[in-house]
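In what follows, every chain begins at residue 1, and chains take the letters A, B, ... in the order their sequences are listed.
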Amino acid sequence: MTGAGSDPARWRVVGRTADGIVLVDLTAALTEIGRVRVGDDGWRAVASNSPHGVRWVWSDTARWYPALLADGVVIARAHDLRLCHAILRASTLVSAPAALRAQPAWDAPAVNAPSTAAPALFDLAEGLSDAGTSGLLGGGTVPYAPESIDDALSELRRQEEALASASDPGRLRLLLAAESAGALLAVELHAAGVPWRREVHESILETALGTRPRNGSPPRRVRELADVVRAALGDPAASLDSQPKLLRSLHRAGVPARSTSRWELAEYEHPVIAPLLAYKKLMRLLTANGWSWLDEWAADGRFRPVYVPGGVVTGRWASSGGGALQLPRQLRPAVHADPGWTLVVADVAQLEPRVLAAMAGDTALAEAARGHDLYDGIVAAGTIRTRAEAKVAMLGAMYGATTGDSGRLVPVLRRAYPRAMGLVDAAARTGADGGAVTTWLGRSSAVGDAVWHEVQARAGTPDASDADRARARRSAGDRGRFTRNFVVQGTAAEWALAWLAGLRGELAALPAVTVKDAAQASGPLFSRRAHLCFFLHDEIIVHTPASQAEQVAAAVRRSADRAARLLFGGFPIDFPLDLRIAEDAAKG
DNA sequence: AATACAAGCGCG
DNA sequence: AAAGCGCGCTTGTATT
C-alpha cells in the first residue's frame, strides 16, 4: 500500500481475533484521513495479517474502494467477500457448499451492475431466491452485500470452511486472490481513465461525418448519403432507420432481403447497397461514438468506463456505461498518451486455444502454438491447408459449430488434437445433459434450471410432439455450446486475471517520476507513476512515463510468463504477446 | 408515459 | 461465406 493512509497503524484498529484477523473501523479511518465519508455507521472492513502483508477483507470492493482511492489510499491485497462467495457457492471443487448457499444475501449483484443482472436467474435455478434478491426480480432497488463487520467475519469463516472442504484448495485460493486483485484494479482503471485526445476524436468524426451540426440534425455526410440511398430506392420518403420500413422499401426496389443486416445486404447487386451500407456505418459511428458520447464519456481527457469484475458468468469482466467492451478500432487513435508519457499496448495472440492446449495437456496443440502464431503452427504441422481455415476450425471447435466451413473442419482438428478436442467435447456433453462444468481454477457454471429440465423431460414422454422433441434437442444443444465455451473462455479469463494481478504488483514497485512529467488529467494518484489504464479480455494498455516504457514492457512480458507458470506449472505452453510502445493505441 | 423486446453492430 | 461463444448500447416498435 502507498499513500497517506497506507500505514495500518493509522487506521483505527478495534479488535483482533485469535487467527490474526484485525478488525478495522473503516469509517473512522476515512474520517481521520479527511474529506471522504463512505457511511456513518458500523464497522466496514477486516484486515487479515499474513506473512505477505495485510490483506483487506471486505464485503464489496466496488462499494468501499472508490472512496479510499479518491483519498489517495491504494490497497495492495484484498479478499472481496461478494465475488468470492459467488465462486465458492457454485464451484464443483467445493464439497461442502451448503453453508454458503444458505446465505442468499451474499448473492447481491455488483453495485454498478444493471438491475436486470444475471444472478437472479442463478437464484431461481437454485430455489434460493428470497429477500436478498426479490427486489431485483421485481425491478426494484439493487441490494448491497451485507455491510456489518460481524456479517463479514462470519462470511469469511464460511468461505474458509468451504475452501477447507475443497478437493483442490490451492487452485481456488489462487482464483479468489486473482478475482479480488481484479476487483481492486477495476476501481483503479476507472479512476485512472484511458487518456483520450478530444481533438483526435473530433477529427475522426469530422472526416467521416462532416462538421458537428448545431441543432441535433444529421451531419452533412449522413444527409448526403441518405439522399443517395432514397434516390436509388426510388422512394424520396423512405425511412432508413426503421428496420421494418427499410425492409419494405428494399422489397419495392427489387431487393428481396430477409433482414437489413450488413452481411445479408452485401449479397445483393443493386445500386442502393453500397450507399446504404455506408449510411449505416456512419449512423453507427454517430449514434454510438459521436459527439454526444465524447461529451458524456471523455470530456475531461479521460475515458472512464465502469468495469464489472465477475460480471460475466464465465468470469470475464462486464462493463456498465460507456461501452468499454466496444471501443471501435476506428477510434483507437484517440487513445493517446499525455506529453512526456507513452503507452504500452499488449494483447495475447490466440489466448483461448493456448489455454485449451494447456488444460487438456495436449502437447501436439501446444507444439503448434510454440513460437508466435498458433494458426500458422497448425498449418505448418500439415493439419489444415490455410491459416484462415485453421482459425475458423479452431473457433468452431471452441464455440460448437456444426455447419458451414467451420463445422466441416472441426473433425480434422479432432483427429489431430484428440486431447484438446476431447476436453471441449466432454464439456459440451456435460452441458447438454444439464450438468455443471468447471474452469481450470475452479469456477463452475450453473446446472440446468428447472425450466430446462422440464423441457427435456417432456420430450421423453410418450405423448411428446415433434415440436417438443425439437425444442428439447435445441435447448440441449444450446446448453452444450455454452458449457463447451465456458471452460475455455473462463480459464482464459483466469489467465488474464493472473497476468493483470502480477503486472499490477510490478508496476507498483516502479519508482515514481518527477512532477513535471505529471499526467494531469488522472489526478495526483496516477500522475506520477506507470499505471494500467485499460483491460479488455486479453488486451491491456499501460500509461507510463516515457522514460519507463522499456521497464514496463519487460514487466508486461514477465507477468505473462508468470501467469502461465502459476496456472499450468511446467507444461510447455507459450503465451506470446503482441506488444508495442507507442504514443497512441492505433493498431499497426 | 413507462417499460420490454428485437434488430443490428461494435468488441473479445 | 456468414454458421458457432460471451458481452453493451442505441434505435424503433410493441406492450402495458
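- Note on A/Gly407: nothing from the nucleic acid sits closer than 4.0 angstrom, heavy atoms only.
- Using a 4.0 Å heavy-atom distance criterion, A/Asp405 is classed as making no nucleic acid contact.
- Ring geometry for A/Phe568 versus A/Trp440: interplanar angle of 30 to 60°, hence tilted.
- Counting to the nearest Å, the P atom of B/dA6 and the CD atom of A/Gln243 are 13 Å from each other.
- Of the P atoms belonging to B/dG12 and C/dG4, the separation is 22 Å, rounded to the nearest Å.
- Counting non-hydrogen atoms of other residues, nucleotides and ligands closer than 6.0 Å to CZ of A/Arg469 gives a total above 12.
- Side-chain proximity of A/Tyr399 to B/dG10, C/dG4, C/dG8: nearest is C/dG4.
- One atom, CD of A/Glu389, and another, P of C/dA1, lie 12 Å apart when rounded to the nearest Å.
- In this structure, A/Glu267 reaches the sugar-phosphate backbone alone: every heavy-atom distance under 4.0 Å involves primed, P, OP1 or OP2 atoms, never a base.
- Taking the six-membered ring for Trp and thresholds of 30 and 60 degrees, A/Phe482 and A/Phe486 have ring planes more than 60 degrees apart, a perpendicular arrangement.
- Each of A/Gly404 and A/Arg316 was assigned the nucleotide of DNA chain C with the nearest heavy atom; the assignment lying further toward the 5' end belongs to A/Gly404.
- Following rounding to the nearest Å, A/Asp241 (CG) and C/dT10 (C1') show an atom-to-atom distance of 11 Å.
- For A/Arg481, the listed nucleotide lying nearest its side chain is C/dC5; candidates were C/dG8, B/dG8, C/dC5.
- With C/dG6, C/dT11, B/dC11 as the choices, the nucleotide that has an atom nearest any side-chain atom of A/Gln326 turns out to be B/dC11.
- Straight-line distance from the CG atom of A/Leu240 to the C1' atom of B/dG8: 15 Å, rounded to whole Å.
- In this structure, of C/dC7, B/dG8, B/dG12, it is B/dG12 that holds the atom nearest to the side chain of A/Glu539.
- Residue A/Ser261 has its side chain nearest to B/dG8 when only B/dC11, C/dT13, B/dG8 are considered.
- Counting only distance, with no hydrogens or angles, the side chain of A/Trp452 and the backbone of A/Gly434 share no donor-acceptor pair below 3.5 Å.
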Kindly express the pairing pattern of DNA chain C in dot-bracket notation, using | wherever a base pairs with another strand and counting only Watson-Crick or G-U pairs under 3.5 Å. ....||||||||||||

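- Residue A/His537 has its side chain nearest to C/dG6 when only C/dG6, C/dG12, C/dG8 are considered.
- Out of C/dT13, C/dG8, B/dG8, the shortest distance to the side chain of A/Ser319 is found at C/dG8.
- At the heavy-atom level, A/Arg262 lies under 4.0 Å from the strands shown only through sugar-phosphate atoms.
- Regarding contacts with the backbone of C/dG6, every side-chain N or O of A/Thr314 stays at 4.0 angstrom or more from both OP1 and OP2.
- Using a 4.0 Å cut-off between charged nitrogen and carboxylate oxygen, A/Arg197 and A/Asp584 do not count as a salt-bridge pair.
- Counting any heavy atom pair closer than 4.0 Å across all strands shown, A/Leu327 reaches sugar-phosphate atoms only and no base atom.
- Aromatic ring pairs are classed by plane angle as parallel below 30°, tilted from 30° to 60° and perpendicular above 60°; the pair A/Phe303 and A/Trp293 is tilted.
- Place A/Val312 and A/Ala288 on DNA chain C by their nearest nucleotides, and A/Val312 ends up nearer the 5' end.
- Looking at the side chain of A/Asn485, the nearest of the listed nucleotides C/dG6, C/dG4, B/dC11 is C/dG6.
- Closest contact between the side chain of A/Lys280 and the listed nucleotides C/dG4, B/dG8, B/dG12 involves B/dG8.
- Contact between A/Glu539 and A/Trp499 at its shortest, heavy atoms only, is N-CZ3, 4.4 Å.
- When atom types are taken as modelled, the side chain of A/Ser406 and the backbone of A/Val392 share a donor-acceptor pair closer than 3.5 angstrom.
- Taking atom CZ of residue A/Phe303 and atom C1' of nucleotide B/dG10, one finds them 12 Å apart after rounding to whole Å.
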